[in-house]
There are 2 protein chains.
Amino acid sequence: MKTSEAIELLKKKGYKTTGKRKDILTYFENEDGYRTAKDLILHLEETYEGISFDTIYRNLHLYHDVGILEVTELNGEKHFRMNCTHHHHHHFICKECGKTKEIEVCPMEEVRKSLSNYEIEDHKFEIYGLCPGCQTV
Amino acid sequence: MKTSEAIELLKKKGYKTTGKRKDILTYFENEDGYRTAKDLILHLEETYEGISFDTIYRNLHLYHDVGILEVTELNGEKHFRMNCTHHHHHHFICKECGKTKEIEVCPMEEVRKSLSNYEIEDHKFEIYGLCPGCQTV
DNA sequence: CCCTAAAACCGTAATCATTCCTATTTACAA
DNA sequence: TTGTAAATAGGAATGATTACGGTTTTAGGG
């Protein structure tokens with residue numbers, strides 16, 4: 001998702017536009033990978049001295065709720081990235097830099113068959129390791 | 001994995017056997033699903049008044065390190081279950097009771113092909129929802 | 001352009017899971 | 001039985017996240 005697209009979505013839902021909100025979106029658009037609240041606050045502090053945890057987490061949750069951000073939990077810390085809206089897919093996630101690569105494979109079709117009595121709400125398929133750039137051969 | 005099997009494994013690796021350690025294993029063997037440190041400490045406090053967090057976490061980590069327990073992170077909390085040693089598979093996890101159901105499908109074979117330059121260390125494939133027993137129709 | 005209510009925000013305290021630290025106790029091999 | 005390294009208790013420390021009262025900013029109608 002693009003920043004402009006996200007801002008439109010927020011407006012349509014009646015949320016107010018602020019400088020911080022725009023900057024958070026721009027940050028994630030540029031980062032292209034999973035980032036933590038800590039990463040984000042460090043970035044925003046350059047521009048907004050004294051920015052509050054509350055602002056960071058409130059907006060991360062808001063963005064996640066409206067579908068702008070995806071979230072995953074690694075090492076006891078939540079990681080966020082821009083939502084990929086084009087089609088359903090999963091990710092390889094680099095343990096070092098947090099960058100992701102799309103994985104087209106999704107076996108849910110097959111899985112559903114073997115879970116006929118179960119109410120499936122969600123699923124997670126993630127591959128972890130080192131991306132080419134982070135391998136210290 | 002069975003409790004007896006796990007105790008053998010620990011002995012072989014030179015770890016001491018204590019009542020608490022045995023009880024932790026028995027607990028997980030009986031529970032058959034993902035459980036948190038909190039769940040475990042509540043159970044052990046019935047028998048061992050004043051048991052320490054340290055003991056709980058130290059043993060959970062030990063068991064995970066030697067392969068007795070599997071771990072996954074849900075809602076900011078680590079969840080543990082007995083390791084399934086018989087063959088590679090994944091789990092449906094009930095959001096309500098933590099019980100699991102084995103899923104045979106694993107698409108990693110296919111995935112590896114599309115990640116030739118990547119160093120794959122691990123992967124997670126989990127399905128979340130409500131098991132038949134927890135659905136409030 | 002101005003005003004007002006609602007939304008955002010700050011500063012900080014509280015919470016929750018987890019880890020760390022030191023003194024004491026225990027398992028078990030010799 | 002005993003020596004010693006491992007295990008434990010009790011509690012403090014840490015780190016991420018949430019909560020909250022008071023203040024500022026935004027959106028939008030007049």
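A quick note: this is a predicted structure, and the numbers were derived from the prediction, not measured. Chain naming here is simple, since letters A, B, ... match the order of the sequence lines and numbering starts at 1 in each.
At the phosphate of D:dT17, OP1 or OP2 sits under 4.0 Å from a side-chain N or O atom of A:Tyr57. Look at A:Asn59 and you'll find a side-chain N or O under 4.0 angstrom from OP1 or OP2 of C:dC9. Close to D:dA9, at under 4.0 Å from its OP1 or OP2, lies a side-chain N or O of B:Lys20. Dashed line: the shortest gap from a side-chain N or O of A:Lys78 to OP1 or OP2 of D:dA16 is not under 4.0 Å. Residue B:His61 places none of its side-chain N or O atoms closer than 4.0 Å to OP1 or OP2 of C:dT18. Between B:Ser52 and D:dG11 there is no side-chain polar atom (N or O) within less than 4.0 angstrom of OP1 or OP2. Side-chain N/O atoms of B:Lys38 include none lying less than 4.0 angstrom from OP1 or OP2 on C:dC16.
In summary, B:Lys95 and A:Glu121 engage in a salt bridge, as defined by a charged side-chain N under 4.0 Å from a carboxylate O.
One side chain, A:Glu126 or A:Tyr128, offers a donor N or O that lies under 3.5 Å from an acceptor on the other. Between B:Lys124 and B:Thr72, the side chains place a donor N or O and an acceptor N or O closer than 3.5 Å (distance only, hydrogens not considered). Side-chain atoms of B:Thr36 and B:Asp39 include a donor-acceptor pair closer than 3.5 Å. In this model, no donor atom of one side chain and acceptor atom of the other lie less than 3.5 Å apart for A:His90 and B:His123.
When the nearest nucleotides of DNA chain D are assigned to B:Glu49 and B:Gly14 by heavy-atom distance, the more 5′-ward of the two goes with B:Gly14. Each of B:Thr18 and A:Phe53 was matched to the nucleotide of DNA chain C holding its nearest heavy atom; the match closer to the 5' end belongs to A:Phe53. Residues B:Phe80 and B:Tyr15 each lie close to DNA chain C; by heavy-atom proximity, the contact nearer the 5' end of the strand is made by B:Phe80.
Rounded to an integer number of Å, the gap from A:Leu44 CG to C:dC9 C1' is 13 Å. Here C:dA8 presents its P atom at 14 Å from NZ of A:Lys22, a figure rounded to the nearest Å. As a whole-Å value, the separation of A:Tyr48 OH from D:dT25 C1' is 13 Å. Rounded to whole Å, the distance from CD1 on A:Ile51 to P on C:dT12 is 15 Å. Summarising the geometry, the separation between CG on A:Asp39 and P on D:dT17 is reported as 11 Å, rounded to the nearest angstrom. Rounded to an integer number of Å, the gap from NZ of B:Lys13 to C1' of D:dA6 is 17 Å. At whole-Å resolution of the value, NE2 in B:His79 and C1' in C:dC16 are 14 Å apart. Rounding to whole angstrom units, CG of residue A:Leu62 and C1' of C:dA6 are separated by 15 Å.
No contact: B:Thr36 has no heavy atom under 4.0 Å from any strand.
For A:Asp54 against C:dC9, a side-chain-to-base donor-acceptor contact under 3.5 Å is absent. The base of C:dA7 is not paired with the side chain of A:Lys16 by any donor and acceptor separated by under 3.5 Å.
Closest contact between the side chain of B:Arg58 and the listed nucleotides C:dC9, D:dA6, D:dT8 involves D:dT8. Across D:dA9, C:dA8, D:dA16, the shortest atom-to-atom separation from the side chain of A:Glu77 is found for D:dA16.
With a 6.0 Å radius and a threshold of 12 heavy atoms from other residues, nucleotides or ligands, B:Asp65 has its CG atom above the threshold.
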